[in-house]
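A short write-up of the structure that comes next.
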There are 2 protein chains.
Amino acid sequence: ESAMVSGVAYDKDQARITLVEVFDEPGVAAMIFEPISRANIVVDMIVQNPSREGKTDMTFTVPKGNTEETLKILKRIKSDIGASGILHDADVAKVSVIGVGMRNHSGVAAIAFSALKNENINIMIISTSEIKISCLIEEKYTELAVRTLHEAFGLDK
Amino acid sequence: ESAMVSGVAYDKDQARITLVEVFDEPGVAAMIFEPISRANIVVDMIVQNPSREGKTDMTFTVPKGNTEETLKILKRIKSDIGASGILHDADVAKVSVIGVGMRNHSGVAAIAFSALKNENINIMIISTSEIKISCLIEEKYTELAVRTLHEAFGLDK
Ligand SMILES: C[C@@H](O)[C@H](N)C(=O)O
Ligand SMILES: C[C@@H](O)[C@H](N)C(=O)O
């Protein structure tokens, strides 16, 4: 399993924005990202879980410097998308485990998540793709997380 | 923006599993994926949003044929992770928009999400990486979603 992982990356220039309990109807996601795209704000992670009782949270990350501008845009559309709140947190960083052919995430995920647990680092957001497992954690733990993930996958030899 | 997109992919062999309101404490994610990895179940998407009041939903996808086995594993750990419920849905498919250098997701996301809205296709889950924006939708809309995404990014020429 760990042979599949080729590196660990991090990005401290992320701020997390969460739209709380938006309507789960076609068009809501477009209403959120169209004005953000028009403002040329670079969005990195977008994470949405299935809704319960017709509402769901939508979370995404932007560069820390774009937080205020993004919040201004979202306040204008808040009632259209039915959001009960807009939360944000700039004390975050993204750490990612990278590997080619990671089709089976569960093995790599289990190693990565328990490495973070061993250092008592809480995972706020998880998002995966074929080549990467990304976690948003508290920014102060970035270096510790990168070191412990390197060790967990034997990359520090 | 659309020049960045090189293709659209889909995978109908996905079933969605959601653990409702797990404890948001270090170690919970490891407790979920360690037994799943030991059972050699291939996990594709893993999606988790930040918690509210110390609890959050954790969603992931497995091949449709592994749904029962996965649910059996989760029932054994349900109380350890504090889950108030375990939901699953096999009537789903993953559609993804693929492009290199997609660092700025908001533009591509805005086009993809409005293409799905125009066909009244609801997005259940969203997960992104540098090269891909993936959405889980109802399985019956797979071909319609792929066609409309092709058109939206001018890939059908
Ligand atoms: C919440 C949002 O993703 C909604 N389901 C949509 O399709 O736009
Ligand atoms: C919910 C889960 O991700 C938890 N925060 C953990 O770190 O394991």
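For the numbers below, each heavy atom of this structure counts, side chains included, while hydrogens, waters and symmetry mates do not. The sequence lines fix the lettering, A, B, ..., with proteins before strands; numbering per chain opens at 1.
Of the atoms belonging to Thr18(A), it is side-chain heavy atoms, and not backbone ones, that fall under 4.5 Å from chain B. Contacts of Ile125(A) with chain B are made by both backbone and side-chain atoms, with heavy-atom separations under 4.5 Å. Neither the backbone nor the side chain of Arg38(B) comes within contact range of chain A; no heavy atom of the residue lies under 4.5 Å from a heavy atom of that chain. Heavy atoms of Glu34(B) lying under 4.5 Å from chain A belong to its backbone as well as its side chain. Thr59(B) touches chain A through backbone and side chain together, each having a heavy atom under 4.5 Å away. For Ile123(B), the parts lying near chain A are the backbone and the side chain together; criterion is any non-hydrogen pair under 4.5 Å. Heavy atoms closer than 4.5 Å to chain A are found in the side chain of Leu87(B), but not in its backbone.
Between chain B and the residues Arg16(A), Arg52(A), Met58(A), the most heavy-atom pairs under 4.5 angstrom are made by Arg52(A). Of all the listed residues (Ala30(A), Pro50(A), Ser114(A)), the one sharing the greatest number of non-hydrogen pairs under 4.5 Å with chain B is Pro50(A). The choice from Glu119(A), Met31(A), Gln48(A) that makes the most heavy-atom pairs within less than 4.5 Å of chain B is Gln48(A). Top candidate by heavy-atom pairs under 4.5 Å with chain A, chosen from Asn49(B), Asn118(B), Val62(B), is Asn49(B). The most heavy-atom pairs under 4.5 Å with chain B, out of Asp89(A), Asp24(A), Asn122(A), come from Asn122(A).
More than 12 heavy-atom neighbours from other residues, nucleotides or ligands sit within 6.0 angstrom of NE2 on His150(A). Counted within 6.0 Å of NZ on Lys117(B), heavy atoms from surrounding residues, nucleotides or ligands total 12 or fewer; the atom is thus considered open. Lys55(B) NZ: more than 12 foreign heavy atoms inside a 6.0 Å radius.
A salt bridge links Asp44(B) with Lys94(B); the closest basic N to acidic carboxylate O contact falls under 4.0 Å.
In the hydrophobic cluster analysis, where Ile, Leu, Val, Met, Phe, Trp and Tyr join through side-chain heavy atoms closer than 4.5 angstrom, Met45(B) is grouped apart from Val20(B). At a threshold of 4.5 Å between side-chain heavy atoms, the hydrophobic network of Ile, Leu, Val, Met, Phe, Trp and Tyr places Leu149(A) and Leu155(A) in one connected group. Under the 4.5 Å side-chain heavy-atom criterion for Ile, Leu, Val, Met, Phe, Trp and Tyr, Ile98(A) and Ile131(B) are members of distinct hydrophobic clusters.
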Residues Ile81(B), Ile32(B); criterion side-chain contact (heavy atoms from CB on, under 4.5 Å); working and verdict: CA-CA 8 Å; Ile81(B) 59 175; Ile32(B) 294 166; 4.0 Å; yes

